Every structure is written in C-alpha cells, then in structure tokens.
Amino acid sequence: MSSENGTEGGGAEGASPEQLALIRESVRQAKTPRAKPRTWRGAKLAERLPVARVLVDKGVLHLDRYFDYAVPEELDADAQPGVRVRVRFGAGRHRVRDGRREGGGLIDGFLVERVAESDYSGPLAALAQVVSPERVLSEELLGLARAVADRYAGGLADVLQLAVPPRSARAEQRPSPEPLPPPSKPEAGSWGRYERGAGFLDALASGGAPRAVWNALPGPAWSEELARAVVATLASGRGALVVLPDGRAVARVDAALTSLMGEGRHAVLTADAGPEKRYREWLAVRRGSVRAVVGTRAAMFAPVQDLGLVALWDDGDDSHSEQHAPQPHAREVLLLRAAQDKCGFLLGSWSCTVEAAQLVESGWARPLVAAREQVRGAAPLVRTVGDGDLARDEAARAARLPTLAWQAVREGLRTGPVLVQVPRRGYVPRMACANCRAPARCRHCSGPLEAQGSGADLKCGWCGRDEGAWHCPECGGFRLRAQVVGARRTAEELGRAFPAVPVRTSGREHVLDTVPGTPALVVSTPGAEPVAEGGYAAALLLDGWAMLGRPDLRAGEDALRRWIAAASLVRPQGAGGTVVVVAEPTLRPVQALVRWDPVGHAVRELGERAELGFPPVSRMAAVSGPGEAVAEFLRTAELPRDAEVLGPVPVAVTAVGRPRRVGGPPPGEQWDRALIRVPPGSGAALAAALKAAQAARMARGATEVAVRVRIDPPDIG
DNA sequence: AGCACGCCGACT
DNA sequence: GTCGGCGTGCTC
C-alpha cells in the first residue's frame, strides 16, 4: 500500500474520500440537519483512532482551533501525531462532479492528535494527504508554541511557522548521524572567577536545573564559559540550547564547543545556512542525533530532546526580537521553555537589561556575578569628556575632539589597535545648538529636529512639520551642528592625524570579525566591533549624544550596553587599557560605565519603571491602526478590570522615503495608537482579552479594517 | 477570504 | 412555483 495514494485529484484519488463525499451528499439530501455520523459504513477508515485532530495553517482567522478529519485506512500508518498533512478546507459541501471533488482548496496543516471520536456534529472530510511521515511537531514543541501564542496574543499557526522550518524532502531522506555518547564533565575553567560559577556547572552536570542571570566579566572568555555550561549539561545526559544575537557570536561559541568536545555533538542553526542544510540540522536535533544547539534567534524553538539548559547571550540586543508575528522575544520564549521543561536557565551579558534585573529581583533567578576585585582586574580605565570639558578645551573646539581623547588614542596606538565607536549610518542626523549643545527640538511638539538631505532644511521627526527659523531657546544661538555627521568626520580626521597607522572600518554592510593586535585605528558602528587579538589598547566612544538623545524608554540602558560591549574588547586597566567616552559625566549611564556597574544601573532603572508603571514591571500592549478601527477595537474588547488605556494618539507619519518600521503604518497614512497597561500578574489576562477581541473582529468579516496588536511594544516614548 | 445557504421580491 | 439578488455565517 502506498502512502503516495491520493495526492492528485481525478481518478487516481482513493476511493474513500469519494465515498465520504457521497455520504455527505446523501446526508444533505435527506434534509437531516447536521447528522452525527459516528460510524462510516462503506468508507474504509483506520480501524483504531479514525479521527485526526488537525491544526489548519490558515492565518489568524480561527485562532488555535483544531479541525477533525477522518483518517482513511491507507493513511493510517503514516498519519501519526506531529506529521505535516494536507486537507480540504473551505466552505460548503464538497460536490462530486465528473468524478472530481470541488470546493475547498488543499491546505497545509499539522496532525496534532489521533482520537476515537469527533465531537464535531457533522460529517468529517478525510485527510487528503500525509505530506511526509516525519513527525516534526512534538508534544513539547506544540506546548511551547501554544504558550508563546498566548503570551503574545497571537495565533498558534503563526508561531508554528516560526518554530518548524519549511520541509525539504531531500533533507528528510538523509539519515541523521548516530548519536555520540555524552561527554565527560568539563573543568570549571574561567567560571572559577565567579562566586558561584563552579557550583552552577556542578548543578548542571548532576542533573539539576539552576537558573541564573550572569553578568559576564569583560573580555573574550564568555564564549568558552557558555560552552562549558553546555558540556556540563550534556554530561548529565540531557540536551542544551544556546541562543546568540548574531552569526559572529554563534561562530565563537561553535568554535569553543568544538575545542571542548570535538565535532558531532552539537548543531549550528543560523539563518544564513540555506533552507535545506538548516532543515537537515534541525532534523538531526529533532531525531535526537544531536543533543546541543547553538544558533541565532530562530533556534529558540529548536526541538532539543530532554532539555537540561537554555541559555541566552546579550538579551538587550534587539536582534533577539522576532520580526514576524507575533514578534516574540528570545528571552521570553526561553523563559517559557525553562518553565515548561523545568530545565536550567542562563541569561548572560556583559551588561544587564531591566528584564534580567527583574528576574533576580523577583527571586526567579539567582545572580551569577564576580567579586568587585575581579571586575577591577578585568575592566579598562574609563574616562569621560562632557560639555563642560569641551567648552573649556580650546583645542577641542578647533580640532572637534577633546585633548583627552587625542591623548588616549596617541598612547594606545603605541602598543596596539584603538577602537573608535561611531553612530550607525542611517541614524538620521539629529541637530544640536552649535553653541550650547542643547538638542534642537520642534517648537510645536518637542520632537527632534532632523536635517533634510544636504540643505539646511529642518523637519520634525515626530510631527513632520518644517522648521524654517530655528533659534536655541537655551542660549539664543542660531547655529546648528549635526552630531552624527560630526562623529564620522572626526573618525576620518583621526585617520589623517596618524598617517602611519592603518584605518580599518567595520559596519553594517562590511563587518570585520577580528583585527590583529598591531597598531591600527578601527572605526566601527555599535554591534559591529571586531575582536582585537590581545584586546584593544584603547577605545573612543563618540556616539553618546546620538544614543542618549533618543526619546525612548531604553535609551540609557541601550547606550550603556553598547558602550560596555565596546569597552569589553579593551585590555584591562592593569595592561594599560583605556576608554574615553564623549558624554556628559553626570548622566546615569555614563556613571555606570565609569564604575563598571551595569547591574546597579539596571536595578535602579527597574525601580523607576515600577514607580512609573512602565514595563517590564507592568505589562503593556499597543493597538494601532486607522483611528476609527482602533476606537472600535477598544470599544468592543473586554479588557481586564485593572487595565488602563492610554490614548489613542496619532502616531508619527512615516516620512516618505524613510524605511517603514515593521508593523507601522504605510508611508503617508495616518494611524492611531493606544497603549494598554496592566499591573503585574494581569499580563496573561490582557493577552487573552486582546486575542479574543481580534478573533471576534476576524469573525465579523472582511468589512473590518485590521488593527495591529503588539505585546511588549519596543518603542514607548 | 471564498462560497453556499436562505430569505424575499419579481416574473412565467 | 421558481429564479436569482445579495446579506450572513461557516469552514472538520
């Protein structure tokens, strides 16, 4: 008997679907409204568990519902829970005409469960096809996908699209390699530098499930430390998963794992591997051939068997936010996984997000930190140059760069490479008073003024109004300077000032992985900094104004994270490592950098967020769309009693020619956005209410204009 | 989204 | 009696 049977319409189609259709036909003609045929006379169905519950992959229309289908006898063997299937789905009765079935197209789905009876009071259609007998959707993965869908008020089918890669028949046909026996428990290595580091590894190796927020010491040891945690988990006979922000970080942990335990015990899941290779690796994990996974954010769903540890590096990096609906964040997905699988959890970073601090504050995770003298021994010396220094510094105004910075660069270049961190290009140049450096703001809405093209035209980044005659409200000055452009030019000038030294650049389109330990100027945008052999001798951080000037809740935390990430590549103070940050020394993130205290900074931020009712202490959702649609949505949604609606207010029109933000309005269209806030503990109720309201809208039909619902919106003023 | 069902008015 | 317009609701 062939499972290929019935793949095409026409005469080749198996007999039972035809018969089923005929039965439906006769049921209808007998005018029996909704017969309840529990038995199928004539149709050859599977003897045991003849009903398949199927998750139909058709958008958000019928969120999270299963549909029951009859299992024809010839598909019985292959139609196991977790396989991909194709079914007829569509309105109305499937007529039989000229021997062909009509109505309802073939669509994809997952077979979730086999049961004895359906509780659907109507005639069941048959499964059209089992796409392949590979059981891709395990019970655990389904449970995780459902939890993620609930957390983010999204559809189960949407989450499964993120969690299960597209099929490649060739990849499926290849047998996965034989699993290797577990490695032996690794030495603690540089984990010994942390107060509870060795204990954490011991707990993993002995089958425990420790949960930690790890503030990593600056320097390159983090990737090997992550790898040791993975090997310790494997040694206990369980699997491990590490999610990293980009391909370079994946390559480092990959290399560390290979050097600790050789090839064949871990898989690498990244987007740039190509669909077939990626699916092949994914299958090796799903089949249990490989028990450890490192990868970028899509790997957060990797179906590792018997999971003992989930780990995430640098959760503040925004590449951990999924771009596709419902836009889950890797940290939140791994939190759900740790809770569901009762496994270990490790959240590591040189810096510390407010969310990470909250995990410690709530007692859910324990801090994994080094003693103060370890930090002092590993971190570089940090010095600041603020507005006051600049004003007093005659040479700086002429040369556009403070004397202190010149000195640090000159000194550093004597012994090694010097890193210059400049703002990312594509940051719209924001303007400040050339005299007093106060940010130039719109006189109507206080939004940031931005330069338009090459000319002197100014436009507000929020309300879009033109500003023709700006003058500084602080000092009366009327000259402006573009901070971002200034930083780039400064980097160029540095290159000219040290003509004997090579200049390398690393940025968006051309990212360097490493640079040699010889004297060089390395100009890089945040996140693209190459690792220097032996560490940088010095770093110059020039983008303080651009980062801290953003009207964003995370501006301070983000600036600190990027500074710390760059400064972590610099040699320790004892080896002469120096960092100069051009930013106001009274600002809290700047002070946290000088004291090298990212955890303290995050804890203070967390306290303020709690007071102000901001995330992550409260949970927020954003509802956006055309004004009338948003208003209607808010009228009909049955929000939790303790929910508070802020707005709606008009969102800034996306300026024509600027890249459209994911989930934002089309250029030129006016949208409204409301924020909905609930106190701690009501997040699940809020998500459920928003999901129900969305589903109700969809059911009402196509006349309704879509609104976008986003849990944990990233940009709240 | 499709697509069939059904209620109601117009025409043979 | 029967055809067909479009509004409503379902899809196993």
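In what follows, chains are A, B, ... by sequence order, proteins preceding strands, each numbered from 1. All values below were derived from every heavy atom in this structure, side-chain atoms included, with hydrogens, water molecules and symmetry-related copies excluded. Because the structure is predicted, anything quoted here is derived from the model rather than measured.
The OH-P distance, from Y120(A) to dT11(C), rounds to 4 Å in whole Å. In this structure, D68(A) places its CG atom 13 Å from C1' of dT11(C), rounding to the nearest Å. Computed from coordinates, the L55(A) CG to dT11(C) P distance equals 16 Å when rounded to whole Å. Going from atom CZ of R88(A) over to atom P of dC3(B) covers 13 Å, rounded to whole Å. Between the OH atom of Y69(A) and the P atom of dT11(C) there is a distance of 10 Å, rounded to whole Å. Here the P atom of nucleotide dA1(B) and the CD1 atom of I107(A) are 15 Å apart, to the nearest Å. The interatomic distance linking D57(A) (CG) with dA1(B) (P) rounds to 17 Å, in whole Å.
Using a 5.5 Å limit on the distance between ring centres and a 30° limit on the angle between planes, the aromatic ring of F67(A) does not count as stacked on the six-membered base ring of dC12(C).
Within 6.0 Å of atom CZ in R635(A), more than 12 heavy atoms from other residues, nucleotides or ligands are found, so the atom counts as buried in its surroundings. Residue E638(A) qualifies as open at atom CD: its count of foreign heavy atoms under 6.0 Å is 12 or below.
Remark: D150(A) engages K691(A) in a salt bridge, criterion side-chain N to carboxylate O under 4.0 Å.
Under the salt bridge (Lys or Arg N to Asp or Glu O under 4.0 Å) criterion, the residue pairs touching residues 126-148 of chain A are E134(A)-R287(A), with sequence neighbours excluded.
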